Amino acid sequence: MSMVVVPLLDAEGTFATYREAFGLDDDSAWRLPFYVFLVRDGGRTTVVDAGVGRPGGEDPFLPDRQGRLPEELARSGVEPSEVDLVVLTHLHVDHVGWAMDGGRPFFSNARYVAHRDDFDWITTTRRDRPYVRDNVIGLEASGRLELVHEVVELLPGLRLVPIGGHTPGHCIVELDGVTLAADLAVHERQLSDPDLGYVAEEDPTAIAAARRRLLADFAARNRIVGLAHLGLGRVARSGDGFAWMPLD
């Protein structure tokens, strides 16, 4: 069986205007999707990121979230217990929502992996947030979370590559022919202008530099790219920046 990458839509919604999110002269609501990526390669099943989570959670982020991931997995023929590996590219609220559910790991048989720098940062700076308590600290306390420091091959043909910037331990996932680039860019406007900052970026200068470098590489190689708030597509040169070409 060849590798298959499927974007799973966990939720759609808005939590900011374009002015609030990007500093643009636009007070309209930024409505965005929240994707999780399912990777099936031979007999292995991997989930990259864990979405926003079940509706009605205690954390105030996106209170009207739909929490579609269980249904999306079922549509792809996957039970949570069949997932072997869960990669958390970083530990923002919209990437760890289904890491835990009801006080237990949602993916009951999976190995969970995240970057040590992100764990240390989020548990220090946002320890009072319900999602950090339940879905990050709770996951670590369950004994299921493995924290890594460097580039690591988690499975044959699946590498976790730290790039930082967006968060201290922000990572991308390199696969055969596909890069799952997490929040390298969260909107097409950050492709057309890679220097455009986003309010949730911890080191805007570093992530902007990473955007320019990686987007140029993706375009040159005609690489399939997964972005958590755009889905699957390719990147092409467009003027001084880049354009997003979603896959059908």
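Computed from heavy atoms alone, side chains included, the values below leave out hydrogens, waters and symmetry copies. Note that the structure is a prediction, hence the values are computed from the model and not measured.
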Legend entry - Val113 and Val86, any side-chain heavy atoms less than 4.5 Å apart: no

Legend entry - Spacing of Leu139 atom CG and Asp134 atom CG [to the nearest 0.5 Å]: 11.5 Å

Legend entry - Linked, directly or transitively: Met245 and Val5 (ILVMFWY side chains, under 4.5 Å): no

Legend entry - Spacing of CD belonging to Glu20 relative to CG belonging to Asp26, to within rounding of 0.5 Å: 11.0 Å

Inset, instruction - Could you tell me whether the side chain of Asp118 and the main chain of Leu91 form a donor-acceptor pair under 3.5 Å? - result: yes

Inset, instruction - Identify the residue among Gln66, Arg68, Arg31 that makes a side-chain hydrogen bond (donor to acceptor under 3.5 Å, both in side chains) with Glu12. - result: Arg68

Legend entry - Arg65 side chain vs Asp94 backbone, donor-acceptor pair below 3.5 Å: no

Legend entry - Close side-chain approach of Thr45 to Phe107, heavy-atom, < 4.5 Å: no

Inset, instruction - Evaluate the side-chain proximity of Leu69 to Leu73: yes if any heavy-atom separation is below 4.5 Å, no if none is. - result: yes

Legend entry - Minimum-distance pair of heavy atoms, taken over all atoms of Tyr18 and Ala29: CE1-O, 3.6 Å

Legend entry - Polar contact flag, side-chain donor to acceptor under 3.5 angstrom, His92-Asp183: no

Legend entry - Common cluster, Leu85/Val173, ILVMFWY with side-chain heavy-atom separation under 4.5 Å: yes

Legend entry - Arg126 and Asp59 ion-paired at < 4.0 Å: no

Legend entry - Heavy-atom check, side chain of Thr46 versus side chain of Asp84, under 4.5 Å: no

Legend entry - Stepwise salt bridge (Lys or Arg N to Asp or Glu O under 4.0 Å) check, Arg223 with Asp217: CA-CA 8 Å; Arg223 186 101 170 145; Asp217 176 67; 5.9 Å; no

Inset, instruction - State, yes or no, whether a side-chain contact exists between Arg189 and Leu24 at a heavy-atom distance under 4.5 Å. - result: yes

Inset, instruction - Find the distance between CD (Glu140) and CG (Leu145) and round it off to the nearest 0.5 Å. - result: 6.5 Å

Legend entry - Contact summary for Val52 and Asp10, nearest pair of heavy atoms: N-OD2, 2.7 Å

Inset, instruction - Treat each ILVMFWY residue as a node, draw an edge where side-chain heavy atoms are under 4.5 Å apart, and state whether Leu147 and Val132 are in one component. - result: yes

Legend entry - Results of side-chain hydrogen bond (donor to acceptor under 3.5 Å, both in side chains) for Arg127 - residues two or more places apart only: none

Inset, instruction - Kindly give the heavy-atom pair with the smallest separation between Asp195 and Ala208, and that separation in Å. - result: OD1-CB, 4.0 Å

Legend entry - Test item: Gln190 side-chain N/O and Leu196 main-chain N/O as donor-acceptor pair under 3.5 Å: yes

Legend entry - Partner residues of Tyr198 under the ring-ring contact (aromatic ring centres under 6.0 Å, His included) criterion, sequence neighbours left out: Phe22, Trp30

Legend entry - Stacked cation flag Arg129 on Phe61, 6.0 angstrom / 45 deg: no

Legend entry - Closest approach of Pro105 to Met100 (non-hydrogen atoms, all atoms of both residues): N-SD, 3.5 Å

Inset, instruction - Measure the spacing between CZ of Phe218 and CG of Leu184 and express it to the nearest 0.5 Å. - result: 6.0 Å

Inset, instruction - Identify the heavy atoms of Leu227 and Ala181 that sit nearest to each other, and give their distance. - result: CD2-CB, 3.7 Å

Legend entry - Any donor-acceptor N/O pair, Asn135 side chain to Val96 backbone, under 3.5 Å: yes

Inset, instruction - Determine whether Val83 and Tyr112 fall in the same hydrophobic cluster, where Ile, Leu, Val, Met, Phe, Trp and Tyr are linked whenever their side-chain heavy atoms lie under 4.5 Å apart. - result: yes

Inset, instruction - For Arg211 and Pro194, indicate whether the former's side chain and the latter's backbone hold a donor-acceptor pair under 3.5 Å. - result: yes

Legend entry - Separation of His170 NE2 from His95 NE2 (nearest 0.5 Å): 7.0 Å

Inset, instruction - For side-chain contact (heavy atoms from CB on, under 4.5 Å), just list the numbers for Asp41 and Leu155, CA-CA rounded to whole Å, side-chain angles, deciding distance to a tenth of an Å, and then say yes or no. - result: CA-CA 10 Å; Asp41 188 8; Leu155 292 171; over 6 Å; no

Inset, instruction - Please answer: with hydrophobic residues joined when any side-chain heavy atoms are less than 4.5 Å apart, are Leu230 and Val178 in the same cluster? - result: no

Inset, instruction - Take the angle between the ring planes of His149 and His115 and call it parallel below 30°, perpendicular above 60°, tilted in between. - result: perpendicular

Inset, instruction - Please say whether more than 12 non-hydrogen atoms of neighbouring residues, nucleotides or ligands are located less than 6.0 Å from CG in Asp240. - result: no

Inset, instruction - Would you check if the side chain of Ser238 reaches a backbone N or O of Gly241 as a donor-acceptor pair within less than 3.5 Å? - result: no

Legend entry - Approximate separation, where rounding is to 0.5 Å, of Ile122 CD1 and Glu202 CD: 7.5 Å

Inset, instruction - For side-chain contact (heavy atoms from CB on, under 4.5 Å), just list the numbers for Glu58 and Arg133, CA-CA rounded to whole Å, side-chain angles, deciding distance to a tenth of an Å, and then say yes or no. - result: CA-CA 11 Å; Glu58 185 181 348; Arg133 178 195 67 208; 2.7 Å; yes

Legend entry - Test item: Arg234 and Leu247 side chains (from C-beta on) under 4.5 Å apart, heavy atoms: yes

Legend entry - Exceeds 12 heavy-atom contacts within 6.0 angstrom, atom CZ of Arg212: yes

Legend entry - Residues that Arg159 engages under side chain to side chain contact (heavy atoms under 4.5 Å, CB included), provided they are two or more places apart: Val151, Glu153, Val161, Glu174

Inset, instruction - For the pair Arg40 (side chain) and Val78 (backbone), establish whether a donor and an acceptor sit closer than 3.5 Å, ignoring hydrogens and angles. - result: no

Inset, instruction - Would you confirm whether the ring centroid of His229 sits within less than 6.0 angstrom of the ring centroid of Tyr35? - result: no

Inset, instruction - Go through the steps for Val148 and Arg116 under the test side-chain contact (heavy atoms from CB on, under 4.5 Å), then give the verdict. - result: CA-CA 6 Å; Val148 300; Arg116 164 65 72 180; over 6 Å; no

Legend entry - Non-hydrogen side-chain atoms of Val186 and Leu32 separated by less than 4.5 Å: no

Inset, instruction - Grab the two heavy atoms, one from Arg144 and one from Ala110, that are nearest each other, plus how far apart they are. - result: NH2-O, 2.6 Å

Inset, instruction - State, yes or no, whether a side-chain contact exists between Phe34 and Leu62 at a heavy-atom distance under 4.5 Å. - result: yes

Legend entry - No-hydrogen, no-angle side-chain donor-acceptor test under 3.5 Å, Thr89 and Asp49: yes

